[in-house]
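Here is the structure we will look at, set down as structure tokens.
Per chain, numbering begins at 1; letters A, B, ... match sequence-line order.
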Protein chains: 4
Amino acid sequence: MEFRQDQAIYLQIADIICENILTDSWKEGDRIPSIRELSVSIEVNPNTAMRSYSYLQELGIIFNQRGIGYFVADRARDIVLELKKNNFINRELPRIFKTMDLLHLNCDDLAELYAAHTRENKA
Amino acid sequence: MEFRQDQAIYLQIADIICENILTDSWKEGDRIPSIRELSVSIEVNPNTAMRSYSYLQELGIIFNQRGIGYFVADRARDIVLELKKNNFINRELPRIFKTMDLLHLNCDDLAELYAAHTRENKA
Amino acid sequence: MEFRQDQAIYLQIADIICENILTDSWKEGDRIPSIRELSVSIEVNPNTAMRSYSYLQELGIIFNQRGIGYFVADRARDIVLELKKNNFINRELPRIFKTMDLLHLNCDDLAELYAAHTRENKA
Amino acid sequence: MEFRQDQAIYLQIADIICENILTDSWKEGDRIPSIRELSVSIEVNPNTAMRSYSYLQELGIIFNQRGIGYFVADRARDIVLELKKNNFINRELPRIFKTMDLLHLNCDDLAELYAAHTRENKA
DNA sequence: GTGGTCTAGACCACC
DNA sequence: GTGGTCTAGACCACA
């Protein structure tokens, strides 16, 4: 497993888990891999995997049952959606539109690029 | 002056300078503030301001005349534009589109959200 | 059955049993539920229930008759009372007082807060 | 520096810091010892000290300035007071009174013990 | 100098 | 088997 350099590994792991939840690959109530399993499968130190889990637990996205493992929380999907949406709208969007202004790109240009992107992904 | 936590301060400073160039607030050939002036006005360590200037100098956006100061380079505007464009299209857009997919947002939603966000900030 | 996160489950179970003894719900000489019965009724791993019983047996609060079951020991009530009292006065009280000092609470406040808390729970 | 066995060291460190804030030993806006300084002075691993700081930062009690260090947050005292009070009233008090019931101790007994405790500390 | 992250490895309590 | 904590030591970016 390869990680980007521009973000802490434990955050990238957390992101991947959130995506799994958003796409229903991991459903609410499901047990997720143990820290040891995960750390082996993605080749990181158990401490790093643990950090991802602790982080998600704080956010209420997963929870722990002593001696058994971690599970996807009940309202996990809603929480993730809410967090991602807020972050996107309040943090990313303003910067995106600012950049667009500076580059003289308008919404139509973006739509075009988006269409191109979608085509590529289908191909 | 306040900075975000998610990016090095010297990069945020460099960004602001680039914006000044893109919007023609600082024109090619203009002398820009000395490291000391800048560091005082935005309340950062002179080392940090220095780092921003070194960074921009490496990119050919500004240049230094010993004992006189820093100046906006001749083709600065083009260079900045090129860099920003490449970065936006190749790095930011893919992640933006990915997030949009996960959040089930389409291009029209974007424009709408942006409008709403702008209104809120005005209020 | 739900357990707190801040203490081992087997200790919480042991505590409940002790309370049953202190309140005379379980009298000295009484047979108490088998490990299997208990583990089913409160939904814990049998190993965990077993651990609670072993722990209480070590303290002389319950005893085992092979093939028959566990029983409340003769002087169980006295032992429990003694243990609880010592623990409360020597371990808990000092920390309670320390917290009260920090929070500028006196003894009267305590009683008042407790009354308020009780009312809330009833409501 | 010695720590109790019944609680994680990083939490005990956090507690001590909170007490320093409550007693105004560390005032709002003050810079607190760097992670390295702290870890040396109390003889723990820097990672452990770091964990305490991260924990307190999440709670909004301290904050970090890049490359400079950690500082006591503006409303730190209020936050700590609020947290401690809530925890004491909602978590500790019920258990305290439950134990008092079981031990047949009443509020007057507690007051007496408290008075004794105060005398001891003065002596 | 500051903090942040990661690895490695150990030990422990618990289920 | 599970997670949780701690130590040790390294590397890095940043101010």
Side-chain angles (χ1 to χ4, degrees), chain A residues 3-13 31-39 42-55 57 62-71, chain B residues 3 5-13 35 39 42-52 54-55, chain C residues 3 5-13 35 39 42-52 54-55, chain D residues 3-13 31-39 42-55 57 62-71:
Chain A
F3 295 97
R4 291 192 311 276
Q5 288 291 1
D6 67 338
Q7 199 185 21
I9 292 179
Y10 82 94
L11 290 176
Q12 296 183 50
I13 296 173
R31 180 171 179 276
I32 65 179
S34 80
I35 289 179
R36 283 166 171 85
E37 283 166 9
L38 180 68
S39 67
I42 60 178
E43 296 173 294
V44 299
N45 188 289
N47 285 331
T48 305
M50 159 81 114
R51 201 165 173 184
S52 303
Y53 279 13
S54 301
Y55 176 67
Q57 186 171 33
I62 63 178
F63 67 94
N64 173 259
Q65 272 195 271
R66 308 177 69 133
I68 302 180
Y70 281 91
F71 297 76
Chain B
F3 296 96
Q5 290 284 8
D6 67 337
Q7 199 186 20
I9 292 178
Y10 84 94
L11 289 175
Q12 297 183 50
I13 296 173
I35 287 178
S39 67
I42 59 179
E43 292 174 297
V44 299
N45 189 301
N47 289 331
T48 306
M50 159 79 110
R51 199 159 178 173
S52 303
S54 302
Y55 176 69
Chain C
F3 296 95
Q5 290 286 6
D6 67 338
Q7 200 184 20
I9 291 177
Y10 83 95
L11 289 175
Q12 297 183 50
I13 296 173
I35 288 178
S39 66
I42 59 178
E43 293 173 296
V44 299
N45 189 300
N47 288 331
T48 307
M50 159 79 110
R51 198 160 179 174
S52 303
S54 302
Y55 176 68
Chain D
F3 295 97
R4 292 192 312 276
Q5 288 291 0
D6 68 337
Q7 199 185 20
I9 292 179
Y10 82 94
L11 290 176
Q12 296 183 51
I13 296 173
R31 179 169 179 278
I32 65 179
S34 78
I35 289 179
R36 283 167 172 86
E37 283 168 8
L38 180 68
S39 67
I42 60 179
E43 293 172 298
V44 299
N45 187 289
N47 285 331
T48 304
M50 159 82 112
R51 202 166 172 183
S52 303
Y53 279 13
S54 301
Y55 176 67
Q57 186 172 33
I62 64 178
F63 68 94
N64 172 259
Q65 274 194 269
R66 308 178 69 131
I68 302 179
Y70 280 91
F71 297 76

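For D/Q7, the side chain to side chain donor-acceptor pair (under 3.5 Å) criterion is met by D/R4, not counting sequence neighbours.
Residue D/N64 is in sugar-phosphate contact alone, with no base atom involved, counting any heavy-atom pair closer than 4.0 Å across all strands shown. If you check every strand for non-hydrogen atoms under 4.0 Å, D/Y10 touches sugar and phosphate atoms only. Residue C/R51 is classed as a base contact, given a heavy-atom separation below 4.0 Å to a base. Across all strands, D/R36 comes closer than 4.0 Å to base atoms (heavy-atom distances).
Distance check: D/Y70 OH to D/I35 CD1 gives 5.0 Å after rounding to the nearest 0.5 Å. Rounded to the nearest 0.5 Å, atoms CD1 (C/I9) and CG (C/N47) are 12.0 Å apart.
Of all the heavy atoms in A/E37 and A/P33, the pair that sits closest is OE1-CA, 3.4 Å.
A side-chain donor-acceptor contact under 3.5 Å links A/R31 to the backbone of A/I68. Judged by distance alone, the side chain of D/R36 and the main-chain N or O of D/P46 form no donor-acceptor pair under 3.5 Å. With hydrogens and angles ignored, the 3.5 Å screen pairs a side-chain donor or acceptor of C/S52 with a backbone N or O of C/Y10.
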Go through the steps to decide whether B/I13 and B/F3 satisfy the test side-chain contact (heavy atoms from CB on, under 4.5 Å), and finish with yes or no. CA-CA 9 Å; B/I13 296 173; B/F3 296 96; 3.9 Å; yes

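Contact annotation: D/R66 side-chain N/O to F/dC14 OP1/OP2 distance is not under 4.0 Å.
As a whole-Å value, the separation of B/F3 CZ from F/dC14 P is 14 Å. Rounded to whole Å, atom C1' of F/dA15 lies 18 Å from atom OH of B/Y55.
Annotation: of the two residues near DNA chain E, C/N47 and A/P46, the 5′-most nearest-nucleotide partner is A/P46. In terms of position along DNA chain F, the nucleotide closest to D/L11 lies nearer the 5' end than the nucleotide closest to the other residue of the pair B/Q7 and D/L11. In terms of position on DNA chain F, the residue among D/I9 and A/G69 whose nearest nucleotide sits closer to the 5' end is A/G69.
Using cut-offs of 30° and 60° on the angle between ring planes, the pair D/F71 and D/F63 is parallel.
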Which nucleotides of DNA chain F pair, in dot-bracket form (Watson-Crick or G-U under 3.5 Å, | meaning another strand): ||||||||||||||.

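Extent of DNA chain E lying under 4.0 Å from chain A heavy atoms, first and last nucleotide in 5' to 3' order, is E/dT5 to E/dC15.
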